[in-house]
Amino acid sequence: MGIKKVGIVGAGLMGTSLATLFTGNGYETYLLDIDRDILNKAMETVRSYLDSMVEYELIGQDLADRSLRRLRLADSYSDLAELEFVFEAVSEKIEVKNVVLAALEEACSTETVLLSVTSGIMASILAESLQHKERFLVAHPWNPPHMIPLVEIVPSAHTSDLTLQKTTAMLESVGRKLVVVKKDVPGFIGNRIMHAMYREALDLLEQGVATLEDIDNTVLYGFGPRFSSVGLLEYYESCGLDLQLSVQSYLLADLCNATEPQQPLLECCERGDYGPKTGRGMFDWTKKDIDDFSYRKSKPFFRFVCWSDAQ
């Protein structure tokens, strides 16, 4: 078998995590970013991910060392020209993604599969500006993708069966659990469910029904652990669909139906309080142990890390 290779454009949060995943599974990985400062930090970011995995005893130091040696910092789109797969992992703005995808289409082989890791922009919208729409699709991993196995595969109406098959095989080779979105909708599956829940939580907060901590504790010590072992639809059906019909008949009309960003979120953003990166959001992050938070966020996914870099 020849050396497996992938490319990634965008050396931010998603790009470096994807690079960690692929290098850890035997892929020579080319990482490109137009911001040289960000690109120069990418090697250390990937190293920090690998060091944490060694610390958590998920991988050995020898695999971490081999992984880092497979990371290549690319200088231009031409470095990605002959790769079979290239991921676009730049900012969540259609115009920025279109520029990158156009540059990739011009630079890469006609055989190269182009993938976007967008969190919710429809595949059909991103495909519009491409000449060869058949080789493009969305492959949305969850953050951080080197830990969380789920990838939502979203083909557009133009995506060829061969592109879908090749992408599926490639992602399964690095242990990803795939779901295929059969209808191209904003937010796909996961973010539609997550933001519906987030919308209701913000509404409860705004109405004064509960504190930040009690809303989170309801998830942590109530239904959260349940949904790590049984499916959402599976659970509700197990309780009886007649019960769900009764509950929906009185509850749905009272749930939040906001169609614009909500006040608690708007107020934070207007103040410039964006969460951990600024020290405050709705929470005071200066009083939180960030290392402990990062560990807790990743721990449920430790059991899915079964890397193999065998060629």
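Remember, it's a predicted structure, so these values are computed and weren't measured experimentally.
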In terms of heavy-atom contacts, does [atom1] of [X] have more than 12 from other residues, nucleotides or ligands at under 6.0 Å?
X: Asp289; atom1: CG; answer: yes
X: Tyr235; atom1: OH; answer: no
X: Glu213; atom1: CD; answer: yes

Rounded to the nearest 0.5 Å, what separates atom CZ in Phe136 from atom NE2 in His158? 11.0 Å

Spell out, as yes or no, whether a donor-acceptor pair under 3.5 Å connects the side chain of [X] to the backbone of [Y].
X: Asn191; Y: Ser119; answer: yes
X: Glu152; Y: Ile189; answer: yes
X: Ser229; Y: Arg226; answer: yes

Could you tell me whether Arg296 and Asp292 have a side-chain N and a carboxylate O separated by less than 4.0 Å? yes

Is Arg47 salt-bridged to Glu44, going by a charged N under 4.0 Å from an acidic O? yes

Which Ile, Leu, Val, Met, Phe, Trp or Tyr residues join Leu266 in one cluster when any pair of side-chain heavy atoms under 4.5 Å counts as a link? none

Cluster membership besides Ile290, Ile/Leu/Val/Met/Phe/Trp/Tyr side chains within less than 4.5 angstrom, sorted by chain and number, is Tyr198, Leu202, Leu204, Leu205, Val209, Leu212, Ile215, Leu265, Met282, Phe283, Trp285, Phe293

Residues at least two apart in sequence or cross-chain that pass side-chain hydrogen bond (donor to acceptor under 3.5 Å, both in side chains) with Ser78, listed by chain then number, are Ser76

Under 6.0 Å between ring centres, would you say that holds for Phe85 and Phe22? no

